[in-house]
Amino acid sequence: MSETKVKILDRTFKVMIPAEQIDQAVSRVAEQLNRDYSNTETTPVVVSVLSGAFMFLADISRKLTFNHEISFLKISSYSGTKSTGKIREELGLNTDIKGRDVIIIEDIVDTGISMHYLMDYLRGFSPKSVEACTLFFKPGNYRGTEEIKYRAMEIGNEFIVGYGLDYDQLGRNLKDIYVVCEE
Ligand code: IMP
Ligand code: MG
């Protein structure tokens with residue numbers, strides 16, 4: 001494990017989930033996807049949400065044993081440690097997903113507003129199916145109605161950084177997951 005405490009801007013964070021544990025959770029969810037998508041008629045499209053999911057995508061796609069295309073979308077809803085509740089689309093889809101199976105790769109589903117928006121947005125292109133795959137799920141904050149079929153890990157309502165997730169754009173490079181500590 002790396003440094004147990006890190007300072008980012010005005011806050012101190014401590015290790016909550018070490019890299020080895022993240023890797024095991026990613027492997028488990030990749031196996032579920034391998035079971036469900038190994039015999040599809042068309043090539044599935046893995047749509048990753050920038051920027052937070054970049055590290056999860058890099059790791060999970062190397063564990064997927066079926067052929068898949070990779071595409072990116074960028075939206076933003078967070079400012080500091082709070083969700084603004086408003087989604088801004090910063091980069092749209094540039095892959096033809098009509099009639100295809102789509103797997104959304106997200107870093108974290110918190111209130112669910114972003115995932116709801118993404119699923120609606122992608123369904124607008126008439127894909128065959130759209131499923132959500134998230135590294136983290138916060139059941140205590142979730143207000144959505146969409147089923148989040150693939151969840152690598154469930155956590156409480158705490159704010160976390162590392163492994164792609166940021167605090168005001170910083171901390172994405174950390175290989176473990178860190179949580180705010182109050183001293
Ligand atoms: P939602 O729309 O409330 O579900 O928020 C989802 C987005 O907020 C995620 O894609 C993240 O970018 C961001 N987010 C939510 N919780 C956290 C957190 O604990 N740390 C860092 N980013 C978070
Ligand atoms: Mg995100």
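Keep in mind that what you see is a predicted model, and the values were worked out from it rather than measured. Whatever order the structure lists ligands and atoms in, that order sets their numbers, starting from 1. Values reported hereafter were calculated over all heavy atoms of this structure, with side chains retained and with hydrogens, waters and symmetry mates removed.
Closest heavy-atom approach to atom 18 (C) of ligand 1 within the set F137, Y178, F159: this belongs to F159. In this structure, of G112, G162, A53, the residue bringing a heavy atom nearest to atom 4 (O) of ligand 1 is G112. Summarising the contacts of atom 16 (N) of ligand 1 with K138, R143, R172, E158, the nearest heavy atom is found in K138.
With a 4.0 Å cut-off on non-hydrogen atoms, I160 touches ligand 1 through its backbone as well as its side chain. At a heavy-atom distance under 4.0 Å, no atom of M115 approaches ligand 1. Contacts with ligand 1 closer than 4.0 Å are made by no heavy atom of V161, backbone or side chain.
Per-residue contacts place D166 under 4.0 angstrom from the following atoms of ligand 1 (heavy atoms of the residue considered): 21 (C). Residue L165 approaches ligand 1 through these ligand atoms, each under 4.0 Å from one of its heavy atoms: 20 (N), 21 (C), 22 (N). Those atoms of ligand 1 with a heavy atom of I113 less than 4.0 angstrom away are 2 (O), 4 (O). If you number the atoms of ligand 1 from 1 as listed, the ones under 4.0 Å from a heavy atom of E106 come out as 10 (O). Set against the non-hydrogen atoms of D107, the atoms of ligand 1 under 4.0 Å away are 9 (C), 10 (O), 11 (C), 12 (O). Of all atoms in ligand 1, listed by their number and element, those nearer than 4.0 Å to a heavy atom of T111 are 1 (P), 2 (O), 3 (O), 4 (O).
Among pairs with a residue in residues 118-127, those fulfilling side chain to side chain donor-acceptor pair (under 3.5 Å) read R123-E146, at least two apart in sequence or across chains.
Using a distance-only test at 3.5 Å, with no hydrogens or angles considered, no donor-acceptor pair links the side chain of D166 to the main chain of G171. At least one donor-acceptor pair closer than 3.5 Å links the side chain of K138 to the backbone N or O of E158.
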Can you give the donor-acceptor pairs under 3.5 Å from side chains of residues 57-72 to other protein atoms, not counting sequence neighbours?
| residue | atom | partner | partner atom | Å |
| --- | --- | --- | --- | --- |
| D59 | OD1 | R62 | NH2 | 2.8 |
| D59 | OD2 | Y163 | OH | 2.5 |
| S61 | OG | L57 | O | 3.1 |
| R62 | NE | A58 | O | 2.9 |
| K63 | NZ | D23 | OD1 | 3.0 |
| K63 | NZ | S27 | OG | 3.0 |
| T65 | OG1 | N34 | OD1 | 3.2 |
| H68 | ND1 | F66 | O | 2.9 |
| E69 | OE2 | R100 | NH2 | 3.0 |
| S71 | OG | T95 | OG1 | 2.8 |

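V29 has its side chain out of reach of R151: every pair of non-hydrogen atoms, C-beta onward, lies at least 4.5 Å apart. Side-chain contact between E131 and D101 is absent, with no heavy-atom pair separated by less than 4.5 Å. Using a 4.5 Å cut-off on side-chain heavy atoms (C-beta onward), S51 and K74 make contact. Residues L33 and C133 have side chains in contact (heavy-atom distance under 4.5 Å, counting atoms from C-beta outward).
Two rings, from Y167 and Y178, have their centers 6.0 Å or more apart.
Contact annotation: I87 has no heavy atom less than 4.0 Å from any atom of ligand 1. For G52, the heavy-atom gap to ligand 1 stays at 4.0 angstrom or more.
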